[in-house]
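In each ligand, atom 1 is the first atom listed, and ligand 1 is the first ligand listed.
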Amino acid sequence: MEFIPRPKPAITGNEAIHLEDAYHGYYDPSNRRVRTVLNDIDLIISRGEFVSLVGPSGCGKSTLLKLFTGQEMVQKAKYFQVLGRLPSFPDRSRGVVFQNYGLAPHLTVQRNILLGLEFQSSMLQRFSPSWWRQAKDMARKYLDDMRLSDASNKYPSELSGGMRQRVAIAQTLITIDLFGMPDLICMDESYGALDASTREDLQIFILKLWEKYKKTVVFVTHNLEEAVFLGTRVIVLSQFWTSDLPAAQEEGSRIIMDIPLEPHAMSTEVKQTTAFKELTKYILERGFNPKQRLHIAQFNADLRHPNAFSSLTREQFDASQPAPPAAAPPPDSKPG
Ligand SMILES: Nc1ncnc2c1ncn2[C@@H]1O[C@H](COP(=O)(O)OP(=O)(O)OP(=O)(O)O)[C@@H](O)[C@H]1O
Ligand SMILES: [Mg+2]
């Protein structure tokens with residue numbers, strides 16, 4: 001199959017995220033160079049989409065989310081906008097549930113749940129006893145919903161992984177309840193440590209919130225069934241390359257699949273249908289199995305979402321950058 005670069009879709013002004021030719025990596029002291037993690041990411045996510053982001057461990061999903069939330073600044077990009085601007089620090093418009101839970105170890109479960117509110121509330125609210133009463137009532141409701149009531153006075157170190165995860169989720173949900181949903185919410189394996197039944201409850205919970213507020217969600221998960229069930233779109237990020245390019249250019253991940261799904265939430269019964277199972281299997285086989293290292297060009301055939309596109313290669317991008325200014329001649333050099 002031939003590699004056919006896809007033209008950029010028309011810009012409508014309704015984009016929550018718009019990246020073009022984005023590269024990001026980390027300095028590797030062992031060989032003193034930057035190791036590319038994200039290699040040429042081209043992505044448009046419209047406002048209101050629920051995007052499931054999947055990919056093998058270490059491919060750069062959390063890194064990509066950190067670029068969206070402003071926890072890290074993209075190293076190189078032709079275009080990079082989140083909610084209409086370059087994200088340079090985390091703020092209220094972009095909510096996040098972290099992969100590593102992000103709990104304060106010295107605070108009890110209840111205080112941790114209220115912590116999100118303390119960060120977001122205004123000075124006036126913080127000094128209002130009635131506001132605090134309301135916040136505490138709400139915290140109690142979430143402790144109950146998350147089956148954490150018995151643990152409200154425990155510290156994070158005394159909790160299991162799944163319990164810690166539920167505290168982190170409650171922290172985010174209570175903030176959404178009181179302040180509304182942020183325009184973009186990034187969830188990084190937020191349900192990874194939950195048991196199956198709590199997980200399904202919370203899948204329905206986030207879908208209800210999404211349907212109510214119609215905001216953009218980017219949801220990283222290792223569970224393909226969850227990805228296909230929740231998303232209006234599934235994106236696979238992967239570092240599996242087998243092109244003939246030199247090794248250094250094959251480093252890092254790209255979007256290799258971008259599949260549109262139902263634009264609305266589905267009932268959990270859909271998980272039992274053959275079509276659902278076949279789609280999950282297809283994504284697993286094409287996107288994850290290293291034995292099936294298809295040429296990256298073939299993967300591009302799967303960028304079926306109308307907002308998926310592939311633009312310049314790194315060489316084309318580098319060549320398109322303005323040349324660095326010429327060095328000034330040494331002071332004693334003479335013209336001619
Ligand atoms: N701050 C950092 N400094 C150096 N390397 C990093 C840093 N953060 C991430 N990396 C590296 O970047 C790569 C991508 O990491 P990232 O956490 O984004 O992967 P991931 O897809 O989220 O993986 P997982 O599914 O296991 O969470 C990994 O090789 C990781 O070791
Ligand atoms: Mg991660």
I'd like to check the ring pair (Phe, Tyr, Trp, His ring centres under 6.0 Å) partners of His305; sequence neighbours left out, ordered by chain and number.
none

Is the shortest distance from a Lys or Arg side-chain nitrogen in Glu251 or Arg33 to a carboxylate oxygen in the other one below 4.0 Å?
yes

Check this for me: does any side-chain nitrogen of one of Glu49 and Lys215 sit under 4.0 Å from a carboxylate oxygen of the other?
no

Please list, in number order, the atoms of ligand 1 under 4.0 Å from a heavy atom of [X].
X: Gly60; answer: 14 (C), 16 (P), 18 (O), 19 (O), 20 (P), 21 (O)
X: Thr63; answer: 14 (C), 15 (O), 16 (P), 18 (O)
X: His222; answer: 24 (P), 25 (O)
X: Gly58; answer: 13 (C), 14 (C), 19 (O), 20 (P), 21 (O), 23 (O), 24 (P), 25 (O), 26 (O), 28 (C), 29 (O)
X: Glu189; answer: 24 (P), 25 (O), 27 (O)

In the structure I gave you, are the side-chain heavy atoms of [X] and [Y] within less than 4.5 Å of one another anywhere?
X: Ile41; Y: Leu237; result: yes
X: Arg147; Y: Thr198; result: yes
X: Val109; Y: Asn153; result: no

Proximity of Val37 to ligand 1 by residue part, where a heavy atom lies under 4.0 Å:
side chain

Centre of Phe309's six-membered ring, under 6.0 Å away, within 45 degrees of the axis: is that where NZ or CZ of Lys8 sits?
no

N or O pair under 3.5 Å between Ser62 and ligand 1
yes

The Mg ion (ligand 2) to Thr63: any N/O/S contact under 2.8 Å?
no

Cys59 to ligand 1, any heavy atom closer than 4.0 Å:
yes

